[in-house]
Amino acid sequence: MTSSRFPSMTEEDYRASLRLIRTPRIGAVTYNRLITRYSSPQEALKAVPLLAKRGGGQAPKIASEKTVNEEIEQVKILGARYIFRHTPYYPPLLDQLDNAPPVLLVKGNPRLLQKPAIAMVGARNASAAACRFAHDLGQELANKGYPLISGLARGIDTAAHQGAGIEKTIAVIAGGLDSFYPPENKELQQAISEKGLVVSEMPPKTEPKARHFPARNRIIAGIALGVLVVEASPKSGSLITAKLATEIGREVMAIPGFPMDARSQGCNQLIREGATLIQNSDQIIEAVSVMAALFEEPTEKSPLEPRFSGLENGQIGYRSSPAIAEVKAKEREIIQSLIGSAPVGVNELIRQSGLENAIIQTILLEMELAGRLESHAGGRVSLLF
């Protein structure tokens with residue numbers, strides 16, 4: 001399950017990619033649509049204004065070369081590195097997602113991303129018993145060769161990281177690599193960044209905000225073979241991670257708890273809905289065995305590129321594909337009339353319009369860049385009014 005290999009890119013291509021990624025309205029899905037339709041990221045950059053105009057809106061303000069150069073310098077100062085999508089060291093399971101981050105910023109040992117890993121999440125105000133159980137499970141999984149992934153939050157996340165040990169844990173954070181949230185985990189994050197791995201898709205100097213956490217959670221679920229929820233209330237962020245894991249075909253597991261404890265109700269609900277009931281580490285490994293059998297660790301010994309100093313000579317590439325589809329005004333009108341405030345999937349747009357997928361994808365790309373479209377889970381879209 002290794003990543004596909006693509007033609008090498010120049011330093012200018014790397015910088016153009018970063019400019020696209022850091023431009024407003026160009027999220028992971030929009031970036032990936034652009035990069036699959038043009039011969040290079042530089043060509044995609046040039047196309048943005050025209051596409052936005054066709055979509056009926058103003059073009060977003062493209063990130064400047066100065067902004068990107070400053071970011072690269074900050075990453076260098078932090079002792080971190082970029083890992084672009086489609087390189088051998090990008091997490092292979094995450095690479096399969098349509099909304100996979102175009103680039104990850106990491107500090108520590110990136111080879112942990114090539115190991116079959118288990119995610120563990122849970123309540124921030126977890127009980128002492130649940131924290132102890134998470135600690136012990138993390139330790140057992142790490143000893144059996146499965147790195148532990150979590151979000152470095154209070155409670156279950158912290159206990160799981162500590163149990164696995166800093167050398168065998170991956171902490172995915174919502175802010176930049178130089179942000180520390182919660183503040184009391186600053187020392188733990190620093191220790192993990194030296195011997196384990198800290199991962200973010202956000203540039204340095206980004207303080208974590210509420211909207212960043214669901215995006216962080218998709219990375220946690222995307223890297224892992226499966227997600228274990230140890231303790232969670234019915235409306236907790238842990239259940240969001242579990243839902244994301246279900247949507248992308250990961251194994252969802254939960255620890256049962258006392259029905260009268262609100263912190264157990266989320267896990268009990270997951271089990272009622274089909275999550276695997278877990279009582280020990282062997283059951284976790286058994287639950288993810290099917291996915292683990294498909295997982296192939298890369299065997300090549302090539303250097304990890306690109307690093308923070310100079311983006312040239314890396315092994316990132318882009319998918320070469322035909323130029324963006326030519327769209328007739330009538331076709332644009334048809335698709336725009338079918339999209340409203342309620343999210344609709346691309347397959348439904350194809351069925352109702354009778355148009356080819358390539359044409360519809362082009363129209364959606366135009367509307368996204370024009371700021372008229374909102375993307376939802378499952379590839380659905382709705383109109384922004």
Side-chain angles (χ1 to χ4, degrees), residues 1-3 80-81 83 87-97 100-101 104-122 133-153 156-173 177 185 188-201 216-230 238 241-242 244-245 248 250-253 278 280-299 304:
M1 200 176 288
T2 54
S3 299
R81 71 172 84 223
I83 297 181
T87 66
Y89 293 94
Y90 193 91
L93 296 179
L94 184 64
D95 198 21
Q96 298 176 353
L97 306 186
L104 297 173
L105 283 83
V106 303
K107 187 175 182 182
N109 177 14
R111 287 183 172 81
L112 284 174
L113 294 173
Q114 300 304 301
K115 302 287 185 181
I118 307 294
M120 195 183 307
V121 297
F133 195 56
H135 178 283
D136 292 347
L137 281 177
Q139 186 177 58
E140 292 171 17
L141 289 169
N143 290 339
K144 293 173 182 178
Y146 291 86
L148 192 285
I149 310 169
S150 198
L152 206 66
I156 296 300
D157 291 22
T158 297
H161 285 307
Q162 292 172 334
I166 58 175
E167 294 183 359
K168 296 180 180 179
T169 190
I170 301 169
V172 184
I173 62 175
L177 291 176
N185 275 351
L188 178 59
Q189 181 175 326
Q190 290 175 326
I192 293 173
S193 72
E194 292 173 4
K195 295 185 178 180
L197 187 69
V198 179
V199 178
S200 175
E201 68 175 318
R216 183 276 307 265
N217 293 346
R218 92 184 189 289
I219 298 176
I220 292 174
I223 294 175
L225 298 172
V227 174
L228 172 68
V229 184
V230 176
S238 300
T241 306
L244 292 170
I248 62 176
R250 302 294 187 267
E251 186 70 28
V252 176
M253 303 161 281
I278 294 296
N280 55 55
S281 61
D282 287 336
Q283 291 176 349
I284 297 172
I285 294 171
E286 179 184 359
V288 302
S289 60
V290 174
M291 181 72 77
L294 301 175
F295 194 99
E296 296 179 12
E297 294 184 42
T299 57
L304 293 170

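- In this structure a side-chain-to-backbone donor-acceptor pair under 3.5 Å is present from Q114 to Y90.
- Judged by distance alone, the side chain of R250 and the main-chain N or O of V227 form no donor-acceptor pair under 3.5 Å.
- Considering only heavy atoms from C-beta on, V229 stays 4.5 Å or farther from I156 through its side chain.
- To the nearest 0.5 Å, the span separating CG on L137 from CD1 on I278 amounts to 9.0 Å.
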Walk me through it: do I285 and L141 pass the test side chain to side chain contact (heavy atoms under 4.5 Å, CB included)? CA-CA 8 Å; I285 294 171; L141 289 169; 4.1 Å; yes

Take L188 and I166 through the test side chain to side chain contact (heavy atoms under 4.5 Å, CB included) and record every step on the way to the result. CA-CA 8 Å; L188 178 59; I166 58 175; 4.3 Å; yes

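- We find the CZ-NZ distance between R81 and K107 to be 12.0 Å, quoted to the nearest 0.5 Å.
- Between L94 and P101 the shortest side-chain heavy-atom distance falls below 4.5 Å.
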Take D282 and E286, measure what side chain to side chain contact (heavy atoms under 4.5 Å, CB included) needs, and give me the verdict at the end. CA-CA 6 Å; D282 287 336; E286 179 184 359; over 6 Å; no

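- Summarising the geometry of A224 relative to L93, their closest heavy-atom pair is O-CD1, 3.6 Å, with the distance given to 0.1 Å.
- Counting non-hydrogen atoms of other residues, nucleotides and ligands closer than 6.0 Å to NZ of K144 gives a total above 12.
- Residues V288 and M253 meet the side-chain proximity criterion, which asks for heavy atoms closer than 4.5 Å.
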What do the steps show when you test I284 against Y146 for side chain to side chain contact (heavy atoms under 4.5 Å, CB included), and what is the final call? CA-CA 11 Å; I284 297 172; Y146 291 86; over 6 Å; no

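- Panel note: side chain Q162, backbone H135; no donor-acceptor pair is recorded below 3.5 Å.
- Nearest heavy-atom pair across A164 and A142 is O-CB, 3.5 Å.
- Atom CD1 of I118 and atom CD1 of I170 lie 11.0 Å apart (nearest 0.5 Å).
- For the atom pair M120 CE and H161 NE2, the distance stands at 10.0 Å (nearest 0.5 Å).
- Looking at heavy atoms from C-beta onward, L197 lies out of side-chain contact with P147 at the 4.5 angstrom threshold.
- Panel note: side chain D157, backbone S150; no donor-acceptor pair is recorded below 3.5 Å.
- How far CG of D136 is from CD of E140: 6.5 Å, rounded to the nearest 0.5 Å.
- Remark: L105 CG to S200 OG distance equals 6.5 Å, nearest 0.5 Å.
- T169 contributes a side-chain N or O that, together with a main-chain N or O of L148, makes up a donor-acceptor pair within less than 3.5 Å.
- By the 4.5 Å heavy-atom criterion applied to side chains, P110 and I83 are counted as neighbours.
- Annotation for Q190 and S193: closest pair O-OG, 2.7 Å, computed over non-hydrogen atoms.
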